[in-house]
Amino acid sequence: MTARILVMPGDGVGPEICREAVRVLETLAHDHGLDIELEEALVGGAAIDAAGDPLPESSLVAAREADAILFGAIGGPAWDSQPRDKRPESGLLRLRSELELFANLRPAILYPQLAYASALKPEIVSGLDIMIVRELTGGIYFGKPAGTLTNDQGHREAFNTMRYDEVEIERIGRRAFEIAGARNGRLCSVDKANVLDVSQLWRDVMNELAADYPQVSLTHMYVDNAAMQMVRAPKQFDTVVTGNLFGDILSDAAAMLTGSIGMLPSASMDRHGKGMYEPVHGSAPDIAGQGVANPLAAILSVAMLLRYSLKRGDLADKVESAVGYALDRGLRTRDIMDHETQVASTQEMGGAIVDMLR
Ligand code: IPM
Ligand code: MG
């Protein structure tokens, strides 16, 4: 059966890295019998400029109909002063919410070839392999009430609400227990239960779920400590499960351990395994259009798409090994460069992966 893949390049470096990721998909279709149909849709600032909406109805419909989505990046200074619902980020948040992509998987893996690029000492990060499971459609990102008002004292006031019901916690919890069970059997749930009621409920539900997963050992950590441990001794973590806001912050910290956020893919999945795959990095407007962005996060997102949505782990392995070979051969984009290696452009890096897949 032909799988329909929707590509949503977005803004900034999004289009240039998606171009390389699409070349990888096309190569797999041409040389390895992958049966796919590619389509493209507007999102983010590009969609605001073309249609006045960061997620036009036609894009949402295409996203619903697709079997999997490859997403580039969104945002940029041109749209930052717009009202919130007309900002690029709203398009991404609506996509996550409308498609119920509640389970966000953000692996942080250190490629041994890139140990020098990490902000931390090699002995602290070598062999690092963490999976952050972030809740993506609830918490303070979506909690109501939220808004801005003028209060009784005549001061401007703004508020958001962090809330989770037990059903939302249970579904992300079960996903995390399953993932931890398929890895090392260690799951660390991160919360702020010493202060927040919503975190206490989170912790209670995680503890209740633990009974169903005897092969997984569950621990808990407060988010402030988790941030510290992440840069002090990150290898103590295997699978981490946490809410939307904490996961946003911790996954950026984890990304930096691996040398470059330009290397990290992610998957956002619904209950049926339909997914949207995107690099963890953003639109990087400062380097957009220069052909220097690292396409590997987008290409590794293709690997996740193959593995999780198309059930083609065999092809995912091929893509991931091709990335390893390219690094072995000394290819480096600017973000992961060192003195002994040659600088590759976005296109050269993509081309190297494509050559290896042929
Ligand atoms: C991410 C990003 C998004 C988020 C922004 C762009 C809305 O930072 O995917 O981590 O906060 O979730
Ligand atoms: Mg983020």
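All values derive from a computational prediction rather than experimental measurement. Counting convention: from 1, in listed order, for ligands and their atoms alike.
- Considering backbone and side-chain N/O atoms, Tyr141 comes within less than 3.5 Å of an N/O atom of ligand 1.
- With 3.5 Å as the limit, one finds a donor-acceptor pair spanning the side chains of Gln229 and Arg232.
- Here the protein contributes Asp248 OD1 as N, O or S atoms under 2.8 Å from the Mg ion (ligand 2).
- Under 4.0 angstrom from ligand 1, there are no non-hydrogen atoms of His281.
- Looking at Val43 and Leu55, their side chains come closer than 4.5 Å, going by heavy atoms from C-beta outward.
- Among all protein heavy atoms, the one lying closest to atom 7 (C) of ligand 1 is Glu89 CG, 3.9 Å.
- For the 3.5 Å distance criterion, the side chains of Arg174 and Tyr213 qualify, holding a donor opposite an acceptor.
- For Asp248, a nitrogen or oxygen atom sits less than 3.5 Å from a nitrogen or oxygen atom of ligand 1, counting backbone and side chain alike.
- Ranking the protein heavy atoms by distance from atom 1 (C) of ligand 1 puts Arg106 NH2, 3.3 Å first.
- There is no side-chain donor-acceptor pair under 3.5 Å between Asp11 and Ser283.
- Close to ligand 1: Arg134, with a non-hydrogen atom less than 4.0 angstrom away.
- For the residue pair Glu135/Asn104, the side-chain donor-acceptor check at 3.5 Å is not satisfied.
- Atoms of ligand 1 lying under 4.0 Å from any heavy atom of Arg96, numbered from 1 in the order shown and given with element: 1 (C), 4 (C), 9 (O), 12 (O).
- A cation-pi arrangement is not found for Arg171 relative to Phe177, the charged atom failing to lie both closer than 6.0 Å to the ring centre and inside a 45° cone about the ring normal.
- For the 3.5 Å distance criterion, the side chains of Trp79 and Asp49 qualify, holding a donor opposite an acceptor.
- Donor-acceptor pairing under 3.5 Å is lacking for the side chains of Tyr164 and Ser199.
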